[in-house]
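Okay, so here's the structure we're looking at.
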There are 2 protein chains.
Amino acid sequence: MQDQPKKSDQDIDFGVLDEFLGYRLRRAQMNFFAKFGEVCEDLGISPGLFAVLAIVERNPGLTQTAVAQALGNDRSAMVAAVDKLESKNLLERRPAVNDRRSYALFLTAEGGRFFDNAVKRVSCYENEMAKCLDGDEEKQWLLNALERLANKSL
Amino acid sequence: MQDQPKKSDQDIDFGVLDEFLGYRLRRAQMNFFAKFGEVCEDLGISPGLFAVLAIVERNPGLTQTAVAQALGNDRSAMVAAVDKLESKNLLERRPAVNDRRSYALFLTAEGGRFFDNAVKRVSCYENEMAKCLDGDEEKQWLLNALERLANKSL
DNA sequence: CTAAATTGTTATAGCTTTCACCAAACTTAC
DNA sequence: GTAAGTTTGGTGAAAGCTATAACAATTTAG
């Protein structure tokens with residue numbers, strides 16, 4: 001009754017966890033986050049900062065809150081993010097033309113080059129990760145399923 | 001040149017983000033995390049604590065580090081988690097039989113009942129979320145794809 | 001026995017979320 | 001038009017969770 005059978009890592013019963021989408025999503029996302037860190041280590045940006053650059057690059061002039069809403073983050077999270085990107089000379093806060101409360105965000109020239117380079121790296125490792133999927137067909141299916149789950153309400 | 005076209009929330013160009021598995025995984029997982037919080041609000045446990053209970057329930061006597069490794073967390077994260085679960089009388093630290101450094105973790109009787117109840121709730125909302133998938137077939141495919149992504153190495 | 005590895009722990013830092021706050025903008029009523 | 005209240009944008013402080021590094025006690029390897 002006291003001799004536990006010395007379970008190895010593979011030997012563990014995950015029970016209901018194995019059937020829960022929430023848990024599996026977390027594990028998959030943790031792996032992606034870790035791989036992102038490896039690939040972009042020297043660039044000094046996190047997935048969150050990368051996402052901010054991506055939104056601002058395609059939608060120049062957006063306010064901080066607009067970017068936050070687009071990414072599903074809180075407004076307050078944007079302060080430190082934009083501060084950091086601005087200190088790296090990648091992003092620029094300009095006063096908004098018709099609203100003195102808000103800033104309009106723009107990529108700097110350096111930010112544009114930086115982002116292009118980062119996209120290359122991220123695309124590269126994304127493609128590598130997607131190799132465990134069955135071709136572009138399954139990847140598109142997966143992207144679609146994930147979008148449905150992200151927007152599902154109870 | 002200065003009149004930005006007043007983009008609404010739906011009007012934003014996500015660019016490369018839309019094709020990145022990492023981003024879509026994050027969005028989907030954020031939604032699951034939020035829904036978990038709604039459903040289990042009065043229970044006072046997070047997805048992380050739920051996962052600890054699930055592992056200990058199916059693998060009684062595991063050490064803290066073994067649970068951490070199973071869940072992909074750091075050992076140090078387990079301290080606060082077990083502290084919290086122990087203060088709720090759901091989990092118990094017993095001295096390990098053959099290693100005075102480590103504890104063996106067990107669910108208390110109350111912890112067992114609590115977990116059963118929590119599983120009912122989480123299963124319920126998991127099923128609700130899965131309704132945006134095409135039957136059990138697509139769910140199983142998705143679980144499988146997520147497992148592949150979680151274990152893929154570069 | 002000595003050196004290396006392991007367990008639980010603490011401290012520290014980073015990131016994210018929540019709350020309250022102030023200034024600016026908007027809405028409504030005069 | 002003005003003046004009141006309300007909403008919104010950015011910010012800062014506090015709380016939460018996670019990851020990293022270091023540490024003492026203990027176990028294991030050589």
Side-chain angles (χ1 to χ4, degrees), chain A residues 4 6-9 26-27 29-38 40-41 44-52 61-87 91-105, chain B residues 4 6-9 26-27 29-38 40-41 44-52 61-87 91-105:
Chain A
Q4 41 261 31
K6 243 340 178 193
K7 314 203 173 217
S8 83
D9 293 13
R26 191 181 78 100
R27 295 304 297 258
Q29 203 236 330
M30 282 175 62
N31 194 23
F32 268 81
F33 196 96
K35 296 294 180 299
F36 186 102
E38 291 175 22
C40 296
E41 195 178 12
I45 62 166
S46 62
L49 295 180
F50 177 84
V52 171
L62 244 48
T63 65
Q64 294 185 183
T65 25
V67 175
Q69 286 174 342
L71 294 175
N73 298 332
D74 196 87
R75 285 171 306 195
S76 56
M78 219 40 62
V79 179
V82 175
D83 281 353
K84 192 169 291 185
L85 292 173
E86 208 174 26
S87 75
L91 207 72
E92 194 182 355
R93 269 190 254 240
R94 298 186 201 163
V97 288
N98 45 7
D99 189 335
R100 271 178 298 172
R101 294 173 300 179
S102 58
Y103 296 115
L105 302 179
Chain B
Q4 41 259 32
K6 241 345 176 190
K7 313 205 173 218
S8 85
D9 293 14
R26 190 181 80 99
R27 295 304 297 259
Q29 203 235 331
M30 282 174 61
N31 194 22
F32 268 81
F33 196 96
K35 296 294 182 297
F36 186 102
E38 292 176 21
C40 297
E41 194 178 13
I45 62 166
S46 63
L49 294 179
F50 177 85
V52 171
L62 243 48
T63 65
Q64 294 185 184
T65 21
V67 175
Q69 286 175 343
L71 293 175
N73 297 333
D74 195 86
R75 302 191 301 271
S76 58
M78 219 40 62
V79 179
V82 176
D83 282 353
K84 193 169 291 184
L85 293 173
E86 209 174 24
S87 75
L91 207 72
E92 195 183 353
R93 269 189 253 239
R94 298 185 201 164
V97 289
N98 46 5
D99 190 335
R100 270 178 298 176
R101 292 172 302 179
S102 58
Y103 296 115
L105 301 179

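Convention: sequence-line order gives letters A, B, ...; per-chain numbering from 1. As a basis for the values below, the full set of heavy atoms in this structure was taken, side chains included, without hydrogen atoms, waters or symmetry mates.
- Remark: P of C:dC15 and CZ of A:Phe33 are 9 Å apart, rounded to the nearest angstrom.
- Residues A:Val52 and A:Met78 are in side-chain contact: their nearest non-hydrogen atoms beyond the backbone lie under 4.5 Å apart.
- Of the inter-residue distances, the one linking B:Glu86 atom CD with B:Tyr103 atom OH reads 8.5 Å to the nearest 0.5 angstrom.
- Side-chain nitrogen and oxygen atoms of A:Lys84 include none within less than 4.0 Å of the OP1 or OP2 phosphate oxygen of C:dG14.
- Across B:Gly72 and A:Met30, no two heavy atoms sit closer than the pair O-CE, 3.2 Å.
- From the 5' end on, the contacts that DNA chain D makes with chain A at under 4.0 Å to a non-hydrogen atom open and close at D:dT8 to D:dG12.
- Atom-to-atom distance recorded for A:Leu85:CG and A:Leu49:CG is 5.0 Å, nearest 0.5 angstrom.
- Looking at every heavy atom in both residues, B:Phe36 comes nearest to B:Ile45 through CE2-O, 3.5 Å.
- In this structure, CZ on A:Arg93 lies 12.0 Å from OG on A:Ser102, to the nearest 0.5 angstrom.
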N/O contacts under 3.5 Å, protein versus nucleotides 5-9 of chain C?
{"unit_1": "C:dT6", "atom_1": "O2", "unit_2": "B:Arg101", "atom_2": "NH1", "d": "2.2"}
{"unit_1": "C:dG8", "atom_1": "OP1", "unit_2": "B:Gln64", "atom_2": "N", "d": "3.2"}
{"unit_1": "C:dG8", "atom_1": "OP1", "unit_2": "B:Tyr103", "atom_2": "N", "d": "3.2"}
{"unit_1": "C:dG8", "atom_1": "OP2", "unit_2": "B:Thr65", "atom_2": "N", "d": "2.9"}
{"unit_1": "C:dG8", "atom_1": "OP2", "unit_2": "B:Thr65", "atom_2": "OG1", "d": "2.6"}
{"unit_1": "C:dT9", "atom_1": "OP1", "unit_2": "B:Arg93", "atom_2": "NH1", "d": "3.4"}
{"unit_1": "C:dT9", "atom_1": "OP2", "unit_2": "B:Gln64", "atom_2": "OE1", "d": "3.1"}
{"unit_1": "C:dT9", "atom_1": "OP2", "unit_2": "B:Gln64", "atom_2": "NE2", "d": "3.1"}
{"unit_1": "C:dT9", "atom_1": "OP2", "unit_2": "B:Arg93", "atom_2": "NH1", "d": "2.8"}

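- Rounded to the nearest 0.5 angstrom, A:Phe32 CZ and B:Arg26 CZ are separated by 14.0 Å.
- Separation of atoms CG (A:Asp74) and CD (A:Gln69) is listed at 10.0 Å; rounding is to 0.5 Å.
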